[in-house]
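Notes follow the structure.
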Amino acid sequence: MSTKLPESVTKLLNSTRYVHLATCLDNIPHVSLMNYTYYHSNADYIIMTTPKGTTKYENMVANPNVSLLLHDWMAAKTTSEDSSEGTGKRRNSLYEFLTNLNKTEISRVSVMINGKAEEIPVNAENYTFFKSLHLNNSSIDEVQAENYIKDDNTALFIIKIDLCKVTDTENNVEEY
């Protein structure tokens, strides 16, 4: 097992808009579709925000062990006609996902990530840094940013990646 994520996984993490977040409390699983930001420094991290008081928030506070799932079909290349680059507007990610679902290629790989979620308190030294990275993620549209990042009742989490498994369509699995 390698300790470094392969380039194919980091490219996918940088290009995919959504990840499925799985949490669990008292043997009751919960899955949410989430916006996220990938960040690499001395380790690999996923940055997420969620309103306080939600099931996923309560689960991560009580049990920081989480699992994430993403697919390569979300990394389909955009064309100039569906890109918002240069317009100054954020993409409406959910709308683009739904309208382009039939245009994207079928999944070649799935990436499963295990990690530990840590809530970053507002008064923590690194809070502003991580929140800024997440706010400046251009694949998060303005409505989602207002509701899920800028809102005062939102909690900021970082997830340190502990394990990554990549599975292809022929059920070959590689672990990192």
Side-chain angles (χ1 to χ4, degrees), residues 1-6 8-10 12-75 93-94 97 107 109-137 139-141 143-168 171 173-176:
M1 179 172 76
S2 171
T3 58
K4 183 178 179 187
L5 294 177
S8 61
V9 171
T10 60
L12 183 61
L13 284 165
N14 281 315
S15 64
T16 305
R17 295 182 196 159
Y18 299 105
V19 64
H20 292 86
L21 168 70
T23 62
C24 189
L25 184 61
D26 299 327
N27 285 330
I28 301 172
H30 181 77
V31 177
S32 301
L33 186 64
M34 301 288 292
N35 285 300
Y36 73 95
T37 301
Y38 169 68
Y39 173 69
H40 175 80
S41 179
N42 59 337
D44 293 290
Y45 298 94
I46 301 293
I47 304 166
M48 293 182 168
T49 51
T50 186
K52 294 178 182 177
T54 61
T55 300
K56 64 184 155 284
Y57 174 81
E58 299 297 335
N59 287 0
M60 287 190 290
V61 168
N63 177 5
N65 297 305
V66 299
S67 188
L68 307 168
L69 178 67
L70 61 151
H71 304 280
D72 71 345
W73 52 270
M74 288 301 295
S93 302
L94 183 57
F97 166 72
S107 179
V109 298
S110 290
V111 176
M112 188 279 304
I113 294 170
N114 283 348
K116 295 241 186 271
E118 176 189 353
E119 183 177 5
I120 306 299
V122 175
N123 60 352
E125 188 176 305
N126 56 358
Y127 178 87
T128 302
F129 173 73
F130 285 119
K131 185 174 181 178
S132 176
L133 285 175
H134 200 39
L135 269 172
N136 288 302
N137 182 340
S139 56
I140 300 174
D141 68 62
V143 172
Q144 292 170 355
E146 287 292 329
N147 292 333
Y148 299 110
I149 303 174
K150 295 178 183 178
D151 189 272
D152 290 338
N153 192 41
T154 297
L156 175 70
F157 284 88
I158 60 168
I159 299 166
K160 182 176 182 284
I161 297 174
D162 295 327
L163 174 73
C164 174
K165 289 185 180 181
V166 179
T167 306
D168 67 17
N171 207 24
V173 179
E174 293 188 38
E175 194 169 302
Y176 303 93

Quiz prompt | From CA spacing to verdict: side-chain contact (heavy atoms from CB on, under 4.5 Å), Met34, Lys56 | solution = CA-CA 11 Å; Met34 301 288 292; Lys56 64 184 155 284; 3.4 Å; yes

Quiz item: Between Leu68 and Met112, is a side-chain contact (heavy atoms from CB on, under 4.5 Å) present by the stated rule, with each step listed?
Solution: CA-CA 6 Å; Leu68 307 168; Met112 188 279 304; over 6 Å; no

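To the nearest 0.5 angstrom, Ile149 atom CD1 is 9.0 Å from Asn136 atom CG. For the atom pair CZ (Phe129) and CD1 (Ile47), the distance works out to 7.0 Å, reported to the nearest 0.5 Å. A distance of 9.5 Å separates OG1 in Thr50 from OH in Tyr57, rounded to the nearest 0.5 Å. Glu119 contributes atom CD, which lies 9.0 Å from atom OH of Tyr127 (distance to the nearest 0.5 angstrom). A distance of 10.5 Å separates CD in Glu146 from OG1 in Thr154, rounded to the nearest 0.5 Å. Separating the CD1 atom in Ile113 from the CD1 atom in Ile161 is a distance of 4.0 Å, to the nearest 0.5 Å.
With contacts defined as side-chain heavy-atom distances shorter than 4.5 Å, the pair Val111/Leu12 qualifies. Using a 4.5 Å heavy-atom cutoff, the side chains of Asn65 and Lys116 are in contact. At a threshold of 4.5 Å between non-hydrogen side-chain atoms, the residues Pro64 and Glu118 do not count as touching.
Between Lys131 and Leu156, the shortest heavy-atom contact is N-CD2, 3.9 Å. Listed here is the closest heavy atom pair of Asp151 and Asn147: CB-O, 3.7 Å. Between Cys24 and Asn59, the shortest heavy-atom contact is N-ND2, 4.0 Å. Heavy atoms only, all atoms of each residue included: Ile140 and Ala145 are closest at CG2-N, 3.9 Å. Between Cys164 and Val9, the closest heavy-atom pair is SG-CG1, 4.0 Å. Taking every heavy atom of both residues into account, Ala155 and Phe157 meet most closely at CB-CE1, 3.8 Å.
Side-chain atoms of Thr37 and His134 include a donor-acceptor pair closer than 3.5 Å.
Of the possible donor and acceptor atoms, one in the side chain of Asp141 sits under 3.5 Å from a partner among the backbone N and O of Gln144. With Asp26 contributing its side chain and Ile28 its backbone, the two residues share no donor-acceptor pair below 3.5 Å. Here the side chain of Ser110 pairs no donor or acceptor atom with the backbone of Thr167 at under 3.5 angstrom.
Counting heavy atoms of neighbouring residues, nucleotides and ligands inside a 6.0 Å radius, atom CD of Glu58 exceeds 12 of them. Environment of OH in Tyr39: crowded, with over 12 heavy atoms of neighbouring residues, nucleotides or ligands closer than 6.0 Å.
Here Ala62 pairs with Leu25 under the side chain to side chain contact (heavy atoms under 4.5 Å, CB included) rule; sequence neighbours left out. Partners of His40 by side chain to side chain contact (heavy atoms under 4.5 Å, CB included), not counting sequence neighbours, listed by chain and number: Tyr38, Asp44.
The residue from Leu21, Thr16, Ile159 that alone fulfils the side-chain contact (heavy atoms from CB on, under 4.5 Å) condition with Tyr36 is Thr16. The side-chain contact (heavy atoms from CB on, under 4.5 Å) test with Leu70 is passed by exactly one of Ile46, Leu13, Val109: Leu13.
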